[in-house]
Each structure stands twice: as C-alpha cells, then as structure tokens.
Asks: 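Attaching a single structure in structure tokens format; questions to follow.
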Amino acid sequence: MADDVRGLPNEDVRRKIADSNVSEFFVADMLGLSFSGFAILLAQPLSPTDRKQVLAALTEAEKMAPVNA
C-alpha cells in the first residue's frame, strides 16, 4: 500500500512515486540529488520543468528497478 501523502505539496508526484516499485531515494539519485535535497525540492510547489524532470526520472527508475525486490 502506498504511503499517505494526502495534503503534502506535490501530492500527485509523491503518489506516483509511492505507487511505483522504486523509492524516493532512487528517484533522487536519478536526478543527481541527495535524498534531503529531493525532500526540499518536493516540499515546495514544483515548477513545470522540475515536475517534468522528476516524472521522467521516475519513469527511468521504474525501468531500471527490479520488480518485487
């Protein structure tokens, strides 16, 4: 079950990550960010460019991550 992200900034992006087979740590790494840097990024509304980059990184991470690992 996905983590509860209701009411947090960027709820839709957080939900996509929570529902995926990868962690926020992996997405952060795909973006070249530390986990804390990624948390700071998600703590404020994402710009359209940042949103696109995060979702693209998630898509790539899902392709690379083993399923049911």
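Along the sequence shown, residues are numbered consecutively beginning with 1.
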Asks: Quick one: do Val54 and Leu58 satisfy side chain to side chain contact (heavy atoms under 4.5 Å, CB included)? Show the steps, please.
Replies: CA-CA 6 Å; Val54 169; Leu58 173 59; 5.6 Å; no
Asks: Roughly how far apart are Glu62 CD and Ile17 CD1, rounded to 0.5 Å?
Replies: 9.5 Å
Asks: So, Asn10 side chain and Ala43 main chain: donor-acceptor pair closer than 3.5 Å or not?
Replies: no
Asks: Which residues satisfy the side-chain hydrogen bond (donor to acceptor under 3.5 Å, both in side chains) test with Ser34, sequence neighbours excluded?
Replies: Ser36
Asks: Roughly how far, to the nearest 0.5 Å, is CE of Met64 from OG1 of Thr59?
Replies: 13.0 Å
Asks: Under the salt bridge (Lys or Arg N to Asp or Glu O under 4.0 Å) rule, what do Arg14 and Glu11 come out as? Steps first, then yes or no, please.
Replies: CA-CA 5 Å; Arg14 292 171 187 268; Glu11 180 179 334; over 6 Å; no
Asks: Report the distance from atom CG of Asp50 to atom CG of Leu31, rounding to the nearest 0.5 Å.
Replies: 9.0 Å
Asks: Check the pair Gln53, Leu46 against side chain to side chain contact (heavy atoms under 4.5 Å, CB included), reporting the backbone distance first and the verdict last.
Replies: CA-CA 10 Å; Gln53 289 176 338; Leu46 291 171; over 6 Å; no
Asks: Say you draw a straight line from CD of Glu24 to CG of Leu33; how long is it, rounded to the nearest 0.5 Å?
Replies: 12.0 Å
Asks: Provide the full list of ring pair (Phe, Tyr, Trp, His ring centres under 6.0 Å) pairs with a residue in residues 28-62, sequence neighbours left out, each pair given once.
Replies: Phe25-Phe35
